[in-house]
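Below is one structure, written out as structure tokens; the observations come after it.
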Amino acid sequence: AVTKQPGPGSRLPLVWMSRTAPLAYDSADRLIGVGYDVLVAPLLRVEHLHSPLDLTGVGSMIFTSRNGVAAFVHCSSERRPPAFTVGDATAKAAREAGFRQVLSAGGDVEDLRRLVLDKAQFEDGVVLRAGAQEPAGDLVAALASGGLGVRDWPAYRTIKENPRAILDQINAPQRDLDAALIYSPKAARILSGLLTKQPLPVRTIVCISPAAAAELTDHSAYTICVAERPNENSLFAALQTASRSWFT
């Protein structure tokens with residue numbers, strides 16, 4: 001668990017939650033519950049694509065995010081295929097949506113690739129990936145190179161929020177942000193664009209992966225921290241580590 005003990009002055013550290021809504025509010029609640037003050041100001045918004053969905057020959061599903069689960073549930077009532085998920089939060093969303101057979105990789109996309117290649121029943125049909133239109137990695141190609149029949153279904157896309165609206169939210173508290181949490185390379189690119197135009201009142205930027213942090217290398221004025229694993233638990237742990245110096 002992430003814990004925080006405020007120092008002199010007893011003010012709570014203020015963290016910018018930049019994740020897409022509505023997931024941002026679940027994440028914010030977790031942080032509030034362990035002693036952080038949170039400003040929710042998403043850098044991206046999710047748009048379901050409603051792409052034609054062909055389940056012919058599909059033997060199992062892959063979900064790389066809760067957004068993918070939500071988009072699939074909106075388009076189909078099918079819940080029979082086994083579902084592979086990148087992490088436990090996505091697995092929970094799949095179970096709550098009605099999938100009975102759910103296996104979580106409990107990590108990142110590489111862990112998911114290994115899990116699918118190890119557990120998918122090759123003779124039972126193709127695997128359908130339901131995820132972002134522009135995924136961070138090419139999971140489909142990696143699985144296909146491993147000999148697995150795989151089909152891609154672009155379930156949603158992420159779109160940049162209005163920069164002025166973001167800046168208005170960031171400046172609303174009238175005090176500096178102790179940290180910004182960045183959940184993807186795409187979000188980091190957007191943040192980099194904002195920082196290029198004007199400095200922002202943020203002390204530390206905590207990134208979910210090295211790929212996200214790499215998008216911010218031009219901004220040495222800010223302390224950049226990287227989670228050990230590309231998941232939210234590790235992101236929060238990196239936040240906790242960074243926060244130890246804020247009130248000393």
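Model, not experiment: these values are computed from the prediction.
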| Honestly curious: do Ile32 and Val206 fall in one hydrophobic cluster under the side-chain, below-4.5 Å linking rule? | yes
| Side chains of Val40 and Tyr25: does their closest heavy-atom pair fall under 4.5 Å? | yes
| request: Please lay out, stage by stage, how Phe63 and Val86 fare under the test side chain to side chain contact (heavy atoms under 4.5 Å, CB included). | output: CA-CA 7 Å; Phe63 294 112; Val86 69; over 6 Å; no
| Gap between atom CG of Asp37 and atom CG of Leu14 - 0.5 Å precision | 5.0 Å
| task | Before accepting this row, confirm whether a basic side-chain N of the pair Lys186/Glu134 lies closer than 4.0 Å to the acidic partner's carboxylate O. | result | yes
| note | Heavy-atom closest pair (Ala212 atom, Ala188 atom, distance to 0.1 Å) is O-CB, 3.2 Å
| Minimum heavy-atom distance between Ala94 and Thr85, given as atom pair plus value | CB-CG2, 4.4 Å
| task | Spell out, yes or no, whether Leu53 and Tyr156 are grouped together once hydrophobic residues are joined by side-chain heavy atoms under 4.5 Å, including indirect joins. | result | no
| Roughly how far, to the nearest 0.5 Å, is CD1 of Ile62 from OG1 of Thr90? | 12.5 Å
| message | Within the structure provided, determine whether Leu235 and Ile208 are in side-chain contact (heavy-atom separation under 4.5 Å). | response | yes
| Trace of the side chain to side chain contact (heavy atoms under 4.5 Å, CB included) decision for Leu181 with Phe236 | CA-CA 9 Å; Leu181 298 184; Phe236 286 3; 3.7 Å; yes
| Can you check whether Ala97's main-chain N or O pairs, donor with acceptor, with Arg79's side chain at less than 3.5 Å? | yes
| Exam field: side chain Arg151 to backbone Asp54, donor-acceptor pair closer than 3.5 Å | yes
| query | Do Tyr222 and Thr204 touch side chain to side chain, with heavy atoms closer than 4.5 Å? | reply | no
| For atom CZ of Arg114, is the number of surrounding heavy atoms from other residues, nucleotides or ligands below 6.0 Å larger than 12? | yes
| message | When you group the ILVMFWY residues by side-chain heavy-atom contacts below 4.5 Å and let the links chain together, are Leu43 and Val38 in the same group? | response | no
| said: Once you measure the plane-to-plane angle for Phe99 and Phe72, does it fall in the parallel (<30°), tilted (30-60°) or perpendicular (>60°) bin? | reply: tilted
| query | Under 4.5 Å between any side-chain heavy atoms of Leu148 and Val116, yes or no? | reply | yes
| remark: In terms of heavy-atom contacts, Leu167 and Gln198 come closest through CD1-OE1, 3.6 Å
| query | Can you tell if the side chain of Leu191 reaches within under 4.5 Å of the side chain of Ile182, non-hydrogen atoms only? | reply | yes
Which pairs of donor and acceptor atoms, one on a side chain in residues 213-220, lie under 3.5 Å apart (sequence neighbours left out)?
from: Glu215; atom 1: OE2; to: Arg189; atom 2: NH1; distance (Å): 3.4
from: Thr217; atom 1: OG1; to: Ala214; atom 2: O; distance (Å): 3.4
from: His219; atom 1: NE2; to: Ser192; atom 2: O; distance (Å): 3.3
from: His219; atom 1: NE2; to: Ser192; atom 2: OG; distance (Å): 2.8

| said: Would you say that Met61 contacts Pro82 through its side chain, given a criterion of any heavy-atom pair below 4.5 Å between the two side chains? | reply: no
| query | Nearest 0.5 Å, what's the CZ-OG distance between Arg95 and Ser104? | reply | 7.0 Å
| query | Side chain of Trp153, backbone of Ser51: donor and acceptor closer than 3.5 Å? | reply | yes
| query | Looking at CG of Leu239 and CZ of Arg244, how far apart are the two atoms once the value is rounded to the nearest 0.5 Å? | reply | 10.5 Å
| message | Quick one: does any side-chain atom of Asp178 pair with a main-chain N or O of Val15 as donor and acceptor, under 3.5 Å? | response | no
| query | Would Asp108 and Arg113 pass as an ion pair if we require N to O under 4.0 Å? | reply | no
| Should Leu23 and Arg66 count as side-chain neighbours, where that means a heavy-atom distance under 4.5 Å? | yes
Mind listing the side-chain donor-acceptor pairs of residues 225-232 below 3.5 Å, one per line with the distance, residues two or more places apart or on another chain?
from: Arg229; atom 1: NH2; to: Asp111; atom 2: OD2; distance (Å): 2.5
from: Asn231; atom 1: OD1; to: Asn233; atom 2: N; distance (Å): 3.3
from: Asn231; atom 1: OD1; to: Ser234; atom 2: N; distance (Å): 2.9
from: Asn231; atom 1: OD1; to: Ser234; atom 2: OG; distance (Å): 3.4
from: Glu232; atom 1: OE1; to: Arg30; atom 2: NH1; distance (Å): 2.8
from: Glu232; atom 1: OE2; to: Arg19; atom 2: NH1; distance (Å): 3.1
from: Glu232; atom 1: OE2; to: Ser27; atom 2: OG; distance (Å): 2.4
from: Glu232; atom 1: OE2; to: Tyr183; atom 2: OH; distance (Å): 2.6

| Does Arg129 pair with Asp138 as a salt bridge, N-O distance under 4.0 Å? | no
| Would Ile205 and Thr223 count as a side chain to side chain contact (heavy atoms under 4.5 Å, CB included) if you check the C-alpha gap in whole Å, the side-chain angles of each, and the deciding distance to 0.1 Å? | CA-CA 6 Å; Ile205 302 171; Thr223 300; over 6 Å; no
| message | Before you tell me yes or no, could you show the steps for Arg45 and Thr158 under side chain to side chain contact (heavy atoms under 4.5 Å, CB included), namely the whole-Å CA-CA distance, both residues' side-chain angles and the distance that decides it to 0.1 Å? | response | CA-CA 5 Å; Arg45 70 178 185 273; Thr158 52; over 6 Å; no
| query | Should Leu49 and Leu128 be regarded as members of a common hydrophobic cluster, given that ILVMFWY residues are connected when their side-chain heavy atoms come within less than 4.5 Å of each other, either directly or indirectly? | reply | no
| His74, NE2: over 12 other non-hydrogen atoms inside 6.0 angstrom | no
| Considering all heavy atoms, the nearest Val202-Ala180 contact | CG2-N, 3.7 Å
| Side-chain donor or acceptor of Trp16 paired with backbone N/O of Ile170 under 3.5 Å | no
| Is any side-chain heavy atom of Ser184 closer than 4.5 Å to a side-chain heavy atom of Leu44? | yes
| request: Count the heavy atoms belonging to other residues, nucleotides or ligands that lie under 6.0 Å from CZ of Arg80, then report whether that count exceeds 12. | output: no
| said: Count I, L, V, M, F, W, Y as connected when their side-chain heavy atoms are under 4.5 Å apart, and connections chain through other members. Are Leu194 and Met17 then in the same cluster? | reply: no
| said: Nearest 0.5 angstrom please: Leu143 CG to Phe84 CZ, how far? | reply: 9.5 Å
| request: Please confirm whether the backbone N or O of Val73 pairs with a side-chain atom of Ser76, one donor and one acceptor, at under 3.5 Å? | output: no
| task | Supply the atom-to-atom distance Leu112 CG to Leu103 CG, rounded to the nearest 0.5 angstrom. | result | 10.5 Å
